[in-house]
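One is the number of the first residue; the rest follow in order along the sequence. Note that these values count all heavy atoms, side chains included, but never hydrogens, waters or copies made by symmetry. For clarity, every value in this text was computed on a predicted model and none was experimentally measured.
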Amino acid sequence: NRSSTALIVLLYDGGVPELPEVESTRRALAPAMVGARIVAVDIRRPDLRQPFPRRFATRLTGQTVLALNRRAKYLLAPLSSGETLLMHLGMSGSIRVSRQVAALQIGAHDHVTFYLSSGRAVVFNDPRRFGVIDLIPPGGVADHPTLRALGPEPLSGDFDAAALDR
């Protein structure tokens, strides 16, 4: 029930999320996640576009989210373990933050919920299951198969005429 008073914000719930929507999602999600410890993870299916990493919930539990960054349409959350949580909304994904876990209502397409030390819950919803959630090992962000193939970030100083010429 999206009209519930427990919801802080529905971070994105529209057509295919493009870069501005992903950046808006990052900015809205950061205050809820950065600095919070993940106290539990509830996974309601074995996969989205790809299977969840081995021991996914166990590896996340107890970790603190150090930052929330964006690379292209991917959200990257470096964790206190050195691993990085990678999230992609796919074609129909959305993320919402609940401020009252007791009032949290789980929908049919709410596939992953991250319960945080702040008492909030972050819910990843994806009706079509084209989204991705992955854990990248320490130091592996630059070598991640999806991320290493990306061009320069269009909102960075690396995106210039020379980058367009390459």
Side-chain angles (χ1 to χ4, degrees), residues 8-12 17-19 21-99 101 104 106 109-158:
I8 293 175
V9 64
L10 178 62
L11 299 175
Y12 182 72
E18 299 298 342
L19 188 119
E21 289 84 18
V22 177
E23 177 61 20
S24 295
T25 297
R26 185 198 68 77
R27 290 179 184 189
L29 189 56
M33 289 190 77
V34 175
R37 187 173 43 82
I38 300 169
V39 296
V41 180
D42 187 11
I43 305 168
R44 291 178 197 80
R45 57 173 303 111
D47 60 3
L48 293 172
R49 186 183 336 161
Q50 63 191 33
F52 290 104
R54 192 172 70 76
R55 299 178 40 248
F56 179 70
T58 302
R59 289 164 60 192
L60 284 171
T61 301
Q63 301 308 313
T64 299
V65 177
L66 303 178
L68 189 61
N69 306 310
R70 183 193 50 74
R71 178 68 177 101
K73 294 184 188 180
Y74 294 88
L75 296 173
L76 301 168
L79 304 170
S80 55
S81 64
E83 291 184 295
T84 299
L85 174 65
L86 176 143
M87 296 181 284
H88 188 282
L89 297 175
M91 293 180 69
S92 59
S94 64
I95 298 174
R96 71 180 189 273
V97 178
S98 173
R99 102 181 73 157
V101 172
L104 181 64
I106 300 299
H109 303 293
D110 292 342
H111 302 305
V112 179
T113 302
F114 303 94
Y115 295 94
L116 306 177
S117 58
S118 62
R120 294 179 176 173
V122 173
V123 182
F124 189 96
N125 175 288
D126 189 2
R128 295 183 184 169
R129 297 189 327 265
F130 289 145
V132 173
I133 300 179
D134 198 3
L135 272 175
I136 302 172
V141 171
D143 295 325
H144 188 274
T146 303
L147 300 175
R148 73 173 170 233
L150 297 173
E153 182 63 34
L155 301 179
S156 76
D158 295 335

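- Between Asp47 and Arg45, at least one side-chain N (NZ, or NE/NH1/NH2) sits under 4.0 Å from a carboxylate O, which counts as a salt bridge.
- In this structure, Thr113 and Val122 have side chains that are not in contact, with every pair of non-hydrogen atoms separated by 4.5 Å or more.
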Practice problem: Test side-chain contact (heavy atoms from CB on, under 4.5 Å) on Val65 and Ile38 and set out the steps. | Solution: CA-CA 8 Å; Val65 177; Ile38 300 169; 4.2 Å; yes
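- Considering only heavy atoms from C-beta on, Val39 stays 4.5 Å or farther from Leu116 through its side chain.
- Nearest heavy-atom pair, Ala77 versus Leu68, reported as atom, atom and distance to 0.1 Å: CB-CD1, 3.8 Å.
- In this structure, Tyr74 has its ring center under 6.0 Å from that of His88.
- Leu86 has its side chain within reach of Val132: a pair of non-hydrogen atoms, C-beta onward, lies under 4.5 Å apart.
- For Ser118 against Ala32, the heavy-atom pair with the smallest separation is OG-O, 4.4 Å.
- With sequence neighbours excluded, the residues forming a side-chain contact (heavy atoms from CB on, under 4.5 Å) with Arg148 are Pro145, listed by chain and number.
- Looking only at side-chain heavy atoms (C-beta outward), Phe52 and Ile43 come within less than 4.5 Å of each other.
- Taking CZ from Phe130 and CG from Leu89, the interatomic distance works out to 14.0 Å, rounded to the nearest 0.5 Å.
- Here the closest heavy-atom approach between residue Asn69 and residue Arg26 is recorded as C-CD, 3.5 Å.
- For Pro127, the side-chain contact (heavy atoms from CB on, under 4.5 Å) partners at least two apart in sequence or on another chain are Ser92, His109, Asn125.
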Self-check item: Leu79 and Leu66: CA distance, side-chain angles, deciding distance, side-chain contact (heavy atoms from CB on, under 4.5 Å) verdict
Solution: CA-CA 6 Å; Leu79 304 170; Leu66 303 178; 5.8 Å; no
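- In terms of heavy-atom proximity, Ala121 sits nearest to Leu104 at CB-CD2, 4.0 Å.
- For residues 81-91, the salt bridge (charged side-chain N to carboxylate O under 4.0 Å, His left out) pairs, not counting sequence neighbours, are Arg59-Glu83.
- Remark: Arg96 engages Asp110 in a salt bridge, criterion side-chain N to carboxylate O under 4.0 Å.
- At least one side-chain heavy atom of Leu48 sits less than 4.5 Å from a side-chain heavy atom of Ile133.
- Ile136 has its side chain within reach of Leu147: a pair of non-hydrogen atoms, C-beta onward, lies under 4.5 Å apart.
- Arg70 contributes a side-chain N or O that, together with a main-chain N or O of Ala72, makes up a donor-acceptor pair within less than 3.5 Å.
- To the nearest 0.5 Å, atoms CZ (Arg49) and CE (Met91) are separated by 10.0 Å.
- Across all non-hydrogen atoms, the minimal contact from Ser81 to Pro138 is O-CG, 4.1 Å.
- Between Met33 atom CE and Thr64 atom OG1 the span is 11.0 Å, to the nearest 0.5 Å.
- Expressed to the nearest 0.5 Å, how far OG1 of Thr25 lies from CZ of Arg27 amounts to 11.0 Å.
- Checked by atom type and distance alone, the side chain of His111 pairs as donor or acceptor with a backbone atom of Asp126 at under 3.5 Å.
- Nearest heavy atom pair, residue Leu85 against residue Leu135, reads CA-CD2, 4.0 Å.
- Taking the side chain as every heavy atom from C-beta outward, Phe114 and Met87 approach each other to under 4.5 Å.
- At least one side-chain heavy atom of Pro53 sits less than 4.5 Å from a side-chain heavy atom of Asp134.
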Quiz prompt | Stepwise side-chain contact (heavy atoms from CB on, under 4.5 Å) check, Val123 with Ile95 | solution = CA-CA 5 Å; Val123 182; Ile95 298 174; over 6 Å; no
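- Using modelled atom types, no side-chain atom of Thr84 and backbone atom of Pro78 make a donor-acceptor pair closer than 3.5 Å.
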